[in-house]
Amino acid sequence: QIDEHFGTSFNSYSKIILDNITQNSLVFRIFMSLLDKQASKTPQSSKTYVASLMPQLGILSSWYKKTSTQEQKENALEFTKKILTLNPSIVMSEPSGSQFVVSLFLSLMEREISLSFKNEALDLLPYILVFLSDDKQIKKVLSQLSNMISYDYPMSSTDLPQESGVYTEYITSIDKLMSALIHSKSIQLLEVMFPILRESNHTHKDKISQDLSEFVKGVTDNKAKEAFNLCFNTFLDQQLATPLRLLLIRQLCLPLLYRVSVSVAIDLFSEHIPVLMEILQQAKSGEDEQMNIEPDEAVIVRRLGSLNLIQSMYDCLSPSIIRTKLNPVFFPKNAKGNELTTEVMKAAHAIKSENTTYVTVPS
């Protein structure tokens, strides 16, 4: 009877209840139990419940201040997870709801918060990235994630004993970021996570690779195009670590090209073929040999990665499309149709003939 009365009259009592749960832990536990019962009811009932809470959320802001107790922060997080589970679209579409969720998340990601508790707060991340449309707020969220990676993660995964609790928290954190990436398809989150991907022999690399594959499989053509452009442009930066640049090509750029539609593949190659061919033709021209220098690892990786992308073009697109759509981009005037393929073959031979034995390029 109490539950039924609570359900039918909640809108009238919501402010009084929230006032009291901030002052009495027993009232909070009773309230959470009643919310659990709502989860088993109709979606419309849950929607009504959550909607009536939105105007009152400011009452709970005292729970996640710097001076708040650990119990208050835990209660705030538990409550927020519950209402997001009941109806995330209502929570995140209301300015009071989205502001509350983001403010709580940012507070729980501050430097002084332990990685263990940050991991609990990461459960909010998929909701934020999927439902939030405020770019400024999203940038704040991503900035906090970047800080977490910089300050709470080890320089190398092998720095931590694998049997330690610290290592477990570190891996849990990576898994939650990967899960958020898969569910949100956020290209901005992918970029934030690049520092995690730079380690060639990461102790968790098999699971990371599996999750990246799931991300690639789940993105739309538009998202795939955005992700490819980000990864390819990052790959071109020769100052970055070789393992990261190789991963961007092998585990992101190439799989993305193989899964997009033909029209998107044409768009991507049309956009990037001038840069790719410029890189390949530098090898063909023999500039390094003429200057009597060996190409360094960064240059070799740039050439090999570009060659891999060009090779994928011949896998993804038919000869007639390459001849009619892409050859004119490379050779716009008086083209016969085979100029691009001819240049690719010459450049590929030059690259494969380079003496690269002095460089160890990670596999």
Side-chain angles (χ1 to χ4, degrees), residues 21-23 25 28-29 32 57 59-85 88 91-92 98-130 132 137-184 186 188-199 202-205 207-208 211:
I21 68 173
T22 60
Q23 302 171 32
S25 59
F28 175 75
R29 296 263 59 95
M32 292 304 295
L57 288 179
I59 297 171
L60 304 181
S61 62
S62 61
W63 274 4
Y64 55 80
K65 304 297 184 184
K66 285 184 180 293
T67 54
S68 302
T69 66
Q70 182 64 22
E71 181 184 16
Q72 287 174 323
K73 293 174 181 177
E74 290 172 358
N75 287 348
L77 183 57
E78 182 183 354
F79 167 79
T80 305
K81 289 180 182 180
K82 181 60 63 180
I83 61 173
L84 284 169
T85 301
V91 177
M92 298 305 295
S98 61
Q99 181 180 352
F100 178 80
V101 173
V102 173
S103 296
L104 172 64
F105 181 83
L106 294 176
S107 174
L108 298 184
M109 297 298 290
E110 289 290 346
R111 285 281 303 277
E112 65 270 15
I113 302 295
S114 69
L115 182 59
S116 175
F117 197 36
K118 284 176 181 173
N119 285 345
E120 295 298 319
L122 285 177
D123 290 337
L124 305 180
L125 185 59
Y127 297 106
I128 293 172
L129 294 177
V130 169
L132 189 65
Q137 293 288 70
I138 290 175
K139 286 181 180 179
K140 290 180 182 179
V141 168
L142 294 170
S143 177
Q144 287 288 57
L145 293 174
S146 181
N147 289 337
M148 179 185 73
I149 292 171
S150 297
Y151 298 116
D152 293 301
Y153 286 13
M155 289 295 294
S156 170
S157 61
T158 57
D159 291 344
L160 301 176
Q162 292 192 27
E163 67 278 4
S164 67
V166 178
Y167 178 82
T168 300
E169 295 298 342
Y170 166 55
I171 297 302
T172 298
S173 188
I174 291 177
D175 284 342
K176 291 200 172 188
L177 287 178
M178 285 292 181
S179 178
L181 177 67
I182 292 169
H183 285 93
S184 69
S186 170
Q188 294 167 297
L189 176 59
L190 175 63
E191 184 174 15
V192 167
M193 294 172 65
F194 280 172
I196 300 172
L197 308 179
R198 67 176 181 234
E199 188 178 344
H202 198 288
T203 56
H204 205 50
K205 68 177 182 179
K207 181 62 165 59
I208 291 173
D211 288 342

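Looking at K118, its side chain never comes within 3.5 Å of a backbone N or O of D152 through a donor-acceptor pair. K73 places no side-chain N or O within 3.5 Å of a backbone atom of Y64 that could act as its donor or acceptor partner. Looking at S107, its side chain never comes within 3.5 Å of a backbone N or O of K65 through a donor-acceptor pair. Put simply, the side chain of N119 gets close to the backbone of E169: a donor and an acceptor are under 3.5 Å apart. In this structure a side-chain-to-backbone donor-acceptor pair under 3.5 Å is present from S184 to A180. Judged purely by atom type and a 3.5 angstrom limit, T85 uses its side chain to pair as donor or acceptor with the backbone of K81. Judged by distance alone, the side chain of T172 and the main-chain N or O of T168 form a donor-acceptor pair under 3.5 Å. Looking at E191, its side chain never comes within 3.5 Å of a backbone N or O of Q188 through a donor-acceptor pair.
Aromatic rings from Y153 and H202 are positioned such that their centres are separated by 6.0 Å or more.
With a 6.0 Å radius and a threshold of 12 heavy atoms from other residues, nucleotides or ligands, H183 has its NE2 atom at or below the threshold. No more than 12 heavy-atom neighbours from other residues, nucleotides or ligands sit within 6.0 angstrom of CD on Q99. A 6.0 Å sphere centred on NZ of K207 holds more than 12 heavy atoms belonging to other residues, nucleotides or ligands.
The closest side-chain donor-acceptor pair between T203 and Y167 falls under 3.5 angstrom. E199 and S156 are linked by a side-chain donor-acceptor pair at a separation below 3.5 angstrom, with hydrogens and angles left out of the test.
For the atom pair L125 CG and K176 NZ, the distance stands at 10.5 Å (nearest 0.5 Å). Here the straight-line distance linking atom CD of E78 with atom CG of D123 works out to 12.0 Å at 0.5 Å rounding. Rounded to the nearest 0.5 Å, atoms OG1 (T80) and CG (L57) are 8.0 Å apart. With values rounded to the nearest 0.5 angstrom, S150 atom OG is found 9.5 Å from M155 atom CE. Rounding to the nearest 0.5 Å gives a distance of 7.5 Å between CD of Q162 and OG of S157. Note: S143 OG to I138 CD1 = 13.5 Å, rounded to the nearest 0.5 Å.
No side-chain heavy atom of Y127 sits less than 4.5 Å from a side-chain heavy atom of F105. Within the 4.5 Å cutoff, side-chain heavy atoms of F117 are placed close to those of L77. By the 4.5 Å heavy-atom criterion applied to side chains, D211 and L181 are not counted as neighbours. Inter-residue side-chain proximity for V101 and L132 is flagged as unmet; no heavy-atom pair is nearer than 4.5 Å. A heavy-atom distance below 4.5 Å is found between the side chains of I174 and Y170.
Contact detail for Q144 and L106: the closest heavy-atom pair is NE2-O, 3.1 Å. When all heavy atoms of L108 and I113 are compared, the closest pair comes out as O-CG2, 3.2 Å. Residues S164 and P161 approach most closely at OG-O, 2.6 Å, considering heavy atoms. Scanning both residues, S98 and M92, for their nearest heavy atoms gives CB-O, 3.5 Å.
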(request) Decide side-chain contact (heavy atoms from CB on, under 4.5 Å) for M109 and L122; before the verdict, give the C-alpha distance in whole Å, the side-chain angles of both, and the deciding distance to 0.1 Å. (result) CA-CA 9 Å; M109 297 298 290; L122 285 177; 4.2 Å; yes
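Between F79 and F100, the ring planes lie perpendicular to each other; the angle is over 60°, past the 30° to 60° tilted range.
Each of R29, Q70, M32 was checked for a side-chain contact (heavy atoms from CB on, under 4.5 Å) with N75, and the lone residue meeting it is R29.
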